[in-house]
Amino acid sequence: MTEAQGAGRAYGVDSEVGPLRTVMLHRPGNELRRLTPRNNDKLLFDGIPWVGRAQEEHDAFAQALRDRNVEVLYLGELLTEALGDPEARARAVKGTTEDLRLGDTLRDYLRSSLADLDPARLAEALMAGVRNDEVRAGGLVTSLLAHEDFLIDPLPNLLFTRDSSVWIQDSVAVTSLAMPARMRETQLTELIYGFHPRFTGADKVYDHQLEHVEGGDVLALGPGVLAVGVGERTTPAGVERLARRVFAKGLAHTVLAVPIAQQRATMHLDTVCTMVDVDAVLMYPNMAEEMRALAVTTDGDQLHVAEPEPFLVAAAKALGIDTLRRIDTGLDPVTAEREQWDDGNNTLALAPRVCIAYERTVETNARLEESGIDVIRISGSELGSGRGGPRCMSCPVLRAPVK
């Protein structure tokens, strides 16, 4: 993406650190109020957040972005506006009610009742879910379910907008989420990109029906270079499919496939590595030495896969620079592990050498500042209960090219 293109476009991202212009967030709402001790594990939360405080923290996060002249879009508002289109509404209702748990009687009832809702109420039902005691459907299925059981599950992980879509140059990859609790998120994201006027004509390079790829695993290291984590959420087949598609559209010349050793807090590549400058990465030192990358390129007919190399070496080669500076999380292995768990590696770059981080990762933030990085600290005591930091909670829609 050239400077002229970046200046005139409504969307496009070619690096992790280009000046951020537009971002999509999701302000936590009733979907978080649906979390209970009975369902929080299934819905991938470590605990039950205090929703009011989480909203205050998220509002402060959004204000920190606006203070840096970043336009903030909200997923819920975009979805509501997209559902003004009759075709979008029909797709939303059909996709949401295909769950085999429902049965024909309940499915028909839900399709009829959801179709009668206005766009705002439909968006709320799709995000916050529908409980058995909130309907009067009749039939065997509802009779056998507990009153508090969900017929349509809530989507508390909508908070993490990074995962369900990622912009690669001026094309959007609507991702394919691996965990059952999150699969419907990308159906909603696809409606936004397909029907909201903001994104009319936007090219799509991936969709939710393909092999599993999650946005938290995709890092745009620089123009033409992607790093994609391979592990619990993104599969080898997903990386291969994404590589073929971005190569075919000329969106990248190199895709680095980066295997991630699976630990409880390392579900995505951006939980162990994020960029904070054009030549600097923040990395989890307890894994950094073992991280390898396989460079994938193409000659137009087939993919070529290089032998594994140390991640930083392979990344520097692909970027055409001598080396990438590594800034470590924490000060020692124990502190590093604690701060990585608290999303210390999950920073959001607003520009080269400027990032947003949780205030609680004290040692990591100090290391960043010692390395010349300006750190904007935000509170995340409640937001972090879903194990995600500022990068996880944000989907950059437009970044200016790095000069």
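None of the values given here were measured: they were computed from a predicted structure.
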Visitor: With a 4.5 Å heavy-atom cut-off, do D328 and Y284 have their side chains touching?
Guide: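 When only atoms from C-beta onward are counted, Y284 and D328 do not touch, as no gap falls below 4.5 Å.
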Visitor: Under the 3.5 angstrom rule, does the side chain of N346 hit a backbone N or O of C392 as a donor-acceptor pair?
Guide: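 Yes.
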Visitor: Mind listing the closest non-hydrogen atom pair of C273 and L219 along with its distance?
Guide: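 Smallest interatomic distance, heavy atoms only, reads O-CD2, 3.5 Å.
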Visitor: Is a side-chain N or O of T298 found less than 3.5 angstrom from the main chain of G300, in a donor-acceptor match?
Guide: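 Yes: the side chain of T298 pairs with the backbone of G300.
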Visitor: Test your reading of the model: is there a side-chain donor-acceptor pair from R198 to the backbone of F195, 3.5 Å cut-off?
Guide: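 No.
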Visitor: T161 and C395: which non-hydrogen atoms are nearest, and at how many Å?
Guide: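 That would be OG1-N, 3.2 Å.
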Visitor: May I ask you to say whether D108 pairs ionically with R111, meaning some side-chain N is under 4.0 Å from a carboxylate O?
Guide: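 No, no charged N to carboxylate O under 4.0 Å.
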Visitor: Enumerate the salt bridge (charged side-chain N to carboxylate O under 4.0 Å, His left out) contacts for residues 76-89, please, sequence neighbours excluded, ordered by first and then second residue.
Guide: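 Qualifying pairs, neighbours excluded: E87-R91.
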Visitor: Which residues pass the salt bridge (Lys or Arg N to Asp or Glu O under 4.0 Å) test with R391, not counting sequence neighbours?
Guide: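 Testing R391 for salt bridge (Lys or Arg N to Asp or Glu O under 4.0 Å), a comparison that skips the adjacent residues, returns E16, D270.
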Visitor: Which is it for H208 and Q187 under the side chain to side chain contact (heavy atoms under 4.5 Å, CB included) test, yes or no, and what are the steps along the way?
Guide: CA-CA 7 Å; H208 75 278; Q187 293 180 25; 3.8 Å; yes
Visitor: Looking only at non-hydrogen atoms, find the nearest pair between A227 and F311 and report the distance.
Guide: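 Looking at all heavy atoms of both residues, the closest pair is CB-CE1, 4.1 Å.
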Visitor: Less than 4.0 angstrom from a charged side-chain N to a carboxylate O is my criterion; do R66 and E71 meet it?
Guide: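 No salt bridge links R66 with E71.
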Visitor: Does the Lys NZ or Arg CZ of R360 fall within the cation-pi geometry relative to Y358 - under 6.0 Å from the ring centre and within 45° of the axis?
Guide: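 Verdict for Y358: a cation-pi partner in R360.
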Visitor: Between E214 and R233, is there a side-chain N and carboxylate O pair less than 4.0 Å apart?
Guide: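 Judged by the 4.0 Å cut-off on N to carboxylate O distance, E214 and R233 do form a salt bridge.
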Visitor: Going by the rule side chain to side chain contact (heavy atoms under 4.5 Å, CB included), which residues pair with R33 if we only count those two or more places apart in sequence or in a different chain?
Guide: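 Here the qualifying residues are N30, V51, Q55.
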Visitor: Identify all side-chain donor-acceptor contacts of residues 129-136 below 3.5 Å with residues at least two apart in sequence or on another chain.
Guide:
residue: R131; atom: NE; partner: D133; partner atom: OD1; Å: 2.8
residue: R131; atom: NH2; partner: D133; partner atom: OD1; Å: 3.3
residue: R131; atom: NH2; partner: D133; partner atom: OD2; Å: 3.4
residue: N132; atom: ND2; partner: T142; partner atom: O; Å: 3.1
residue: N132; atom: ND2; partner: L145; partner atom: O; Å: 3.4
residue: N132; atom: ND2; partner: A146; partner atom: O; Å: 3.3
residue: E134; atom: OE1; partner: R34; partner atom: NH2; Å: 3.4
residue: E134; atom: OE1; partner: R131; partner atom: N; Å: 2.8
residue: E134; atom: OE2; partner: R34; partner atom: NH1; Å: 3.2
residue: E134; atom: OE2; partner: R34; partner atom: NH2; Å: 3.3
residue: R136; atom: NH1; partner: D133; partner atom: O; Å: 3.4

Visitor: Looking at side-chain heavy atoms only, is the closest gap between V213 and V239 below 4.5 Å?
Guide: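 With C-beta onward as the side chain, the pair stays apart.
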Visitor: If you round to the nearest 0.5 Å, how far is CG of L368 from CD of E363?
Guide: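 Here the rounded value is 11.5 Å.
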Visitor: So V17 and V402, do their side chains get closer than 4.5 Å, heavy atoms only?
Guide: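 In contact.
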Visitor: Can you confirm whether V296 sits close enough to F247 that some side-chain heavy atom of one is under 4.5 Å from a side-chain heavy atom of the other?
Guide: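 V296 reaches F247 side chain to side chain.
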Visitor: Would you find a donor on one side and an acceptor on the other, under 3.5 Å apart, between the side chain of R162 and the backbone of G215?
Guide: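 No, the answer is negative, given that no donor and acceptor are paired below the 3.5 Å cut-off.
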Visitor: Any donor and acceptor pair, going by atom type alone, linking the side chain of S15 with main-chain N or O of G18 inside 3.5 Å?
Guide: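 Yes; judged by distance alone, with no hydrogens or angles, the pair exists.
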Visitor: Would you call E124 and R121 a salt bridge, using N to O less than 4.0 angstrom?
Guide: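 Judged by the 4.0 Å cut-off on N to carboxylate O distance, E124 and R121 do not form a salt bridge.
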Visitor: Specify the closest pair of heavy atoms between M127 and L188, including all atoms of both residues, with the distance to one decimal.
Guide: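 In terms of heavy atoms, the two residues are closest at CG-CD1, 4.3 Å.
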Visitor: Between CG of D163 and OG1 of T175, what distance do you get to the nearest 0.5 Å?
Guide: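 Between D163 CG and T175 OG1, I get 7.0 Å after rounding to 0.5 Å.
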Visitor: Any side-chain heavy-atom pair from K204 and V174 closer than 4.5 angstrom?
Guide: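 SC-SC contact between K204 and V174 confirmed.
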Visitor: I need the L312 CG to E289 CD distance, nearest 0.5 Å.
Guide: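 So the CG of L312 and the CD of E289 are separated by 8.5 Å.
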Visitor: Show the numbers, then the answer: is there a side chain to side chain contact (heavy atoms under 4.5 Å, CB included) between D203 and D170?
Guide: CA-CA 7 Å; D203 180 62; D170 56 0; 5.8 Å; no
Visitor: With the threshold set at 4.0 Å, does a side-chain nitrogen-carboxylate oxygen contact exist between R353 and D374?
Guide: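 Salt bridge: no.
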Visitor: With heavy-atom distances below 4.5 Å as the criterion, would you say the side chains of R184 and L155 are in contact?
Guide: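 When only atoms from C-beta onward are counted, L155 and R184 do touch, with a gap below 4.5 Å.
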Visitor: Which distance, rounded to the nearest 0.5 Å, do you find between the CG of L210 and the OG of S176?
Guide: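 One gets 7.0 Å once the value is rounded to the nearest 0.5 Å.
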Visitor: Any Lys/Arg nitrogen of R107 or E98 sitting under 4.0 Å from an Asp/Glu carboxylate oxygen of the other?
Guide: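 No, no charged N to carboxylate O under 4.0 Å.
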Visitor: Measure the spacing between NE2 of H304 and CG of D301 and express it to the nearest 0.5 Å.
Guide: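 It comes to 8.0 Å.
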Visitor: Give a yes or no answer on whether the side chain of R325 reaches the backbone of D277 with a donor-acceptor pair at less than 3.5 Å.
Guide: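 No.
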Visitor: I'd like to know whether CZ of R292 has more than 12 heavy-atom contacts from other residues, nucleotides or ligands below 6.0 angstrom.
Guide: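 Yes, because the 6.0 Å sphere around CZ of R292 holds more than 12 heavy atoms from other groups.
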Visitor: If you count the non-hydrogen atoms of other residues, nucleotides and ligands that lie under 6.0 Å from CG in D104, is the total more than 12?
Guide: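 Not more than 12 within 6.0 Å, no.
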Visitor: Taking all non-hydrogen atoms of both residues into account, name the closest pair between A64 and I356 and its distance.
Guide: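 Looking at all heavy atoms of both residues, the closest pair is CB-CD1, 4.3 Å.
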Visitor: Identify whether the distance between the nearest side-chain nitrogen and carboxylate oxygen of D14 and R399 falls below 4.0 Å.
Guide: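 Salt bridge between D14 and R399, a charged N being under 4.0 Å from a carboxylate O: no.
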Visitor: Hey, does the side chain of E185 reach the backbone of M183 with a donor-acceptor pair shorter than 3.5 angstrom?
Guide: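 Not a single qualifying donor-acceptor pair exists.
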Visitor: CG of D322: more than 12 outside heavy atoms within 6.0 angstrom?
Guide: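 Counting neighbours around CG of D322, 12 or fewer heavy atoms of other residues, nucleotides or ligands fall under 6.0 Å, so no.
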Visitor: Taking the side chain from T361 and the backbone from N365, do they hold a donor-acceptor pair closer than 3.5 Å?
Guide: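 A pair under 3.5 Å: no.
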Visitor: Can you tell if the side chain of V258 reaches within under 4.5 Å of the side chain of V230, non-hydrogen atoms only?
Guide: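 When only atoms from C-beta onward are counted, V230 and V258 do not touch, as no gap falls below 4.5 Å.
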Visitor: For the side chain of T329 and the backbone of T364, is there at least one donor-acceptor N/O pair under 3.5 Å apart?
Guide: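 No, because the side chain of T329 does not come within donor-acceptor range (under 3.5 Å) of the backbone of T364.
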Visitor: Under the side chain to side chain contact (heavy atoms under 4.5 Å, CB included) criterion, do T234 and V228 qualify, and how do the steps go?
Guide: CA-CA 8 Å; T234 296; V228 186; 4.0 Å; yes
Visitor: Please tell me whether D67 and Q63 have a donor and an acceptor in their side chains that are separated by less than 3.5 angstrom.
Guide: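 Yes.
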Visitor: Going through the distances and angles, do W167 and L398 end up as a side chain to side chain contact (heavy atoms under 4.5 Å, CB included)?
Guide: CA-CA 8 Å; W167 286 88; L398 177 64; over 6 Å; no
Visitor: Quick one: list whatever passes salt bridge (Lys or Arg N to Asp or Glu O under 4.0 Å) with D217, sequence neighbours left out.
Guide: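 Per chain and number, D217 pairs via salt bridge (Lys or Arg N to Asp or Glu O under 4.0 Å) with no residue.
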Visitor: Is the shortest heavy-atom distance from the side chain of T97 to the side chain of L114 under 4.5 Å?
Guide: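 Yes. Closest side-chain heavy atoms under 4.5 Å.
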Visitor: So, T347 versus T274: side-chain donor-acceptor pair below 3.5 Å or not?
Guide: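 There is such a pair (donor and acceptor under 3.5 Å, judged by atom type) between the side chains of T347 and T274.
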Visitor: Give me the atom names and distance for the closest heavy-atom approach of T105 to G139.
Guide: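 So the minimum-distance heavy-atom pair works out to CG2-CA, 4.3 Å.
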Visitor: Mind checking what makes side chain to side chain contact (heavy atoms under 4.5 Å, CB included) contact with D99, not counting sequence neighbours?
Guide: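 Side chain to side chain contact (heavy atoms under 4.5 Å, CB included) list for D99, sorted by chain: R101, L102.
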Visitor: Got a donor-acceptor contact below 3.5 angstrom from the T254 side chain to the A318 backbone?
Guide: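 Judged by distance alone, no pair lies under 3.5 Å.
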Visitor: Return the CG to CD1 distance between L269 and I260, rounded to the nearest 0.5 Å.
Guide: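 The CG atom of L269 sits 5.0 Å away from the CD1 atom of I260.
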